[in-house]
There are 2 protein chains.
Amino acid sequence: MDAAQEARNREAFRQAVVNTLERRLFYIPSFKIYRGVAGLYDYGPPGCAVKANVLAFWRQHFVLEENMLEVDCPCVTPEAVLKASGHVDKFTDLMVKDVKTGTCYRADHLLKDYCKDKLEKDPNLGAEKTAELKHVLAVLDDLSPEELGAKIKAYGITAPDTKNSLSDPYPFNLMFQTSIGPSGVNPGYMRPETAQGIFVNFKDLYYYNGNKLPFAAAQIGQAFRNEISPRQGLLRVREFTLAEIEHFVDPEDKSHPKFSEVSQLEFLMFPRNDQVSGRQARTIRIGEAVSQGIVNNETLGYFIGRVYLFLTQLGIDKDRLRFRQHLANEMAHYAADCWDAEIESSYGWIECVGIADRSAYDLLAHTDKSGVSLVAQEKFPEPREVEKLLIAPVKKELGLAFKGNQKKVVEALEAMGETEAMEMKATLEAKGETEFQVCTLDKVVSIKNNMVSISKEKKKEHQRVFTPSVIEPSFGIGRIIYCLYEHSFYTRANKDGDDQLNVFRFPPLVAPIKCTVFPLVQNQQYEEVAKRIAKSLTAFGISYKIDITGTSIGKRYARTDELGVPFAVTVDSTSSVTIRERDSKQQIRVNVDVVASLVKEVTDGVSTWADVLWRYPTHSS
Amino acid sequence: MDAAQEARNREAFRQAVVNTLERRLFYIPSFKIYRGVAGLYDYGPPGCAVKANVLAFWRQHFVLEENMLEVDCPCVTPEAVLKASGHVDKFTDLMVKDVKTGTCYRADHLLKDYCKDKLEKDPNLGAEKTAELKHVLAVLDDLSPEELGAKIKAYGITAPDTKNSLSDPYPFNLMFQTSIGPSGVNPGYMRPETAQGIFVNFKDLYYYNGNKLPFAAAQIGQAFRNEISPRQGLLRVREFTLAEIEHFVDPEDKSHPKFSEVSQLEFLMFPRNDQVSGRQARTIRIGEAVSQGIVNNETLGYFIGRVYLFLTQLGIDKDRLRFRQHLANEMAHYAADCWDAEIESSYGWIECVGIADRSAYDLLAHTDKSGVSLVAQEKFPEPREVEKLLIAPVKKELGLAFKGNQKKVVEALEAMGETEAMEMKATLEAKGETEFQVCTLDKVVSIKNNMVSISKEKKKEHQRVFTPSVIEPSFGIGRIIYCLYEHSFYTRANKDGDDQLNVFRFPPLVAPIKCTVFPLVQNQQYEEVAKRIAKSLTAFGISYKIDITGTSIGKRYARTDELGVPFAVTVDSTSSVTIRERDSKQQIRVNVDVVASLVKEVTDGVSTWADVLWRYPTHSS
């Protein structure tokens, strides 16, 4: 099958899934009667139930299992917080405008579409041009506004809707901005992630945890990104649910006490080196990935393993799930390592969970901007003699040399780490002068011997004070759910073989409704039995749907298969009823009084369908 | 006890509760390290768990029990939707500004404070003045901006912080405004309630329900109000969680099939007439309230009963819970009836749940503005002969009389209900002319005999098409939780009697942590037993806290009593352990292997503590 045919098949499959999802109200384009808003979707009843199930399992699998501290912070966030985190200045996409209509586009998307289109459809493309376009695609995320603009000009790319020419690319901040309070002078934003709410509470949470590391805090909540032109349906939206974990750990000890519980798991991994050298993702045991240094540390490896278990238990196909390591150019400069759980869907491989070791970056940024020290202490059993680095800038000399920039140079000197400082000391002693990069000035200055004194002193210390590292698994719940829909969907012929029926093979854990109840025919006796069963299902906390319409039983089965309901109870007598399993279509006959407890047993995962098949007589319809 | 002393006691009690809540991180002022934002709070770990428990119970008690259709819509809402709902034009509070500093205040709050203060503290207030101030307090909500401004001037009220004079009151819209998409031309708002998301989906939800009424849709989510100057701590905040139900019902049949299940409940009710005539709230059986017409209809009564059960099962004291009917001036003009569940706290009686029969207002408003007809159909078994009202405005005559206003007069005439139209017909026939109120013009016009023809015609109809009424129970989750904290809090003397210890008497359903595990002394054997118990608690899905510090057992009990943990397991041997109940402090001795299932049994409500006390030997420490 050629690539074009494959693309058409993927597109057809996606249409079948999406049509079913929309028709059965798994989701609804928001504000539809007002012609909707791009990138905003409602979860209808079954979608809402799936989401609630996924979040409940997330709480059980992560928060409860690891005794995490869950918090719940507001979406409205004052500017200071997002200034510190860097979002106010850097959370941008590059945008171009149709010069005549003002319609906005993402600059990188237009360039990407152009390159892909050319590569796929232009048969006369020479080897050189092909290589060039492939290179553009590879470095797309790294291009500056000027470089992007130059490419767009060079390739003659125009507005897709009108063919008008385009403005130069410029950064557009993706946060929804608002104003807090009536005065209009306090800007605020709808949070673009939930993580900052945890970081700013680090001090209280550390205290709550008995001033001990490691510990993890977690948050589930809405996040907002004012996308320039949302596409890819449910995968790129303007408001979405995130579930984030911030695991705080001593940077000198990133071991994890429960690592042995996951170390034997093996799954598809795609390390950085394999990507760079053009190899494919391969199955690696996570224990080996850590011991070989492919994954930076045990805690990161532990979470990768736990994420694998989480996703596959939800029903994600393990063969269409891989953990891809960020390339050097994708990763923030401060990050120690970063892996994305990517799930293959009809849109390609989709990043659904990011698992990053962000080192001390976030806590340092908030310490810096708030003036509140976000640190941990390790008390020594007895005082230790330590060598302390002492950096003493000579302000008078620096003032003479750098005038108004003196303060920034002083701060940069004081911020040097041990290695850098000792190198500078050596250079200054050898040459009397050295070059020094001052990031806050964005330039290199010359530091002379008389401008700073660097030394090491011995001191007795009773404790070590340090900024913890943070390891952050961050889950895009909506994306996971969408991929789950695709992985769960299949069609099968109806009884007569003249039609294809849709089925979602959700595990009971995820299924929006656990059980349907059908009186076989419309009569009062059967309806009363059905209501009795419904009542006991409610008492057991099991969601059900009762269908007393006169529709044929086959049609009623087809309807609930399409909702992914795993079990259907058909009332065909007043003493015993049948229970049908969705995928095998096998049926067993059980007494009316045990229906609810049996359904609970199999939906809670205490027993499997195979287990109960042995215990009850089978029924053939 | 005089009123002032009572006020001081309430204040002291509140301080004790709030101090405990803040110290134990039930909540945290948001963005504290950046000096916070008024009206924004985080839920810390125990608060977050309480909230999750309350919401899970809400889902069980309402959504699952009534088979409601739960949906989940975005917070970001385009202007058209909130224009239709009236929020863009009318969701305002009156604000005054300090003319020098620009600080904003709610005008009604300042006037209220002034009146209360005078009434409480001015001994020389004459009878006339007293009556006047009491009258102002009574009509406070009905005052126009001009009337409010006049009172503020007349009483010489100044800015509380500076004593500067104040601007005239003007309306301030309480919605957080933002802009959707990059163009800047699509205004949006953060939703002030979740209800609109349900209304705009009525058509799809009605279809999902098999085109049958009644049915209810539900939504849990964040809502936002940009309060002018938030006060009352957790009770008036700028972002909060709402849980809302919209129960759609045939306006001609508001009976409820399950009403008999609640009709015998009796609780404090405060009907409109009792309020007006200065009586107190009294205990009424809800069945009687409905049959006597105090409550408008069965469905409204059913929800009042269900709300009573919900709140009291959470732990709200039934003697400090009342259902207060809205006075005529509090109620929207379209509402058929409205009751608030009010809970008494140290701040007074607080509205925590509103239960309103909003008639067809919301669906009509969205039908009107979106052009999509949000109606239900009742198919008749056989066609019925019906009399149809026919209103035919004579546009030519109306045009001559009203010029540019003709269209609005025509619309108003066509919108007349049957009674009004038939009255107009009679008056026109008798007098040849009548006065007619055109709301959209905000004036009364004169309609002459030749301007409209009104008649009734007989027609065969196959179905009745109508706009459903909606009955809306709307829960302020944060307010309920805060009141629950106050109702659950008490102090008791410690063992030595020299100190007061804090306890939250949360029912297991609500308790943030169900169980603590303490090794009596620090040794490896006990710690291993504790970990084994912890592991089985996790497997049962029970949240626990393990405390292996060497702190005295009494102190560890006190710590978890203050978190409201209902059960404490103390490991004092390797075979059996003790379980202590928080409020009675009674202890039983049970085998290690049954701890988790026993704790599950009592926290799930399958057994009570009294039940298990009989089954196991008691233990005296």
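Computed from heavy atoms alone, side chains included, the values below leave out hydrogens, waters and symmetry copies. Since the structure is predicted, the reported quantities are computational estimates derived from the model, not experimental observations. Lettering follows sequence order; numbering is per chain, from 1.
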Where does [X] contact chain A at under 4.5 Å (heavy atoms): side chain, backbone, both or neither?
X: B:M190; result: side chain
X: B:K51; result: side chain
X: B:E70; result: both
X: B:V200; result: both
X: B:R238; result: side chain
X: B:L69; result: both
X: B:Y544; result: both
X: B:A52; result: side chain
X: B:I28; result: side chain
X: B:V37; result: side chain
X: B:N186; result: neither
X: B:T103; result: neither
X: B:D204; result: both
X: B:I198; result: neither

Test your reading of the model: is there a side-chain donor-acceptor pair from A:N53 to the backbone of A:A49, 3.5 Å cut-off? yes

What option among [options] has the most heavy-atom pairs under 4.5 Å with chain B?
options: A:G371, A:G541, A:S183; result: A:G541
options: A:S543, A:C75, A:C104; result: A:C75
options: A:G221, A:P74, A:C73; result: A:P74
options: A:N67, A:V63, A:N226, A:V372; result: A:N226

For residues 172-181 of chain A, give me every residue with a non-hydrogen atom less than 4.5 Å from any non-hydrogen atom of chain B. A:F172, A:F176, A:Q177, A:T178, A:S179, A:I180, A:G181

Checking A:K545 against B:Y208: charged group under 6.0 Å from the ring centre and within 45 degrees of the axis? yes

Within a radius of less than 6.0 Å around [atom1] of [X], do more than 12 heavy atoms belonging to other residues, nucleotides or ligands occur?
X: B:R23; atom1: CZ; answer: yes
X: B:K535; atom1: NZ; answer: no
X: B:Y170; atom1: OH; answer: yes

Among B:V237, B:T538, B:I33, which residue forms the greatest number of heavy-atom pairs with chain A at distances under 4.5 Å? B:I33

Kindly write out the residues that satisfy ring pair (Phe, Tyr, Trp, His ring centres under 6.0 Å) with A:F31, not counting sequence neighbours, or none if the list is empty. none

Checking B:H366 against B:Q196 for the side chain to side chain donor-acceptor pair (under 3.5 Å) test, could you report, in this order, the C-alpha distance in whole Å, the side-chain angles of both residues, the deciding distance, and whether it holds? CA-CA 9 Å; B:H366 285 296; B:Q196 302 307 323; 2.7 Å; yes

Just checking, any donor-acceptor pair under 3.5 angstrom between side chains of A:Q222 and A:E239? yes

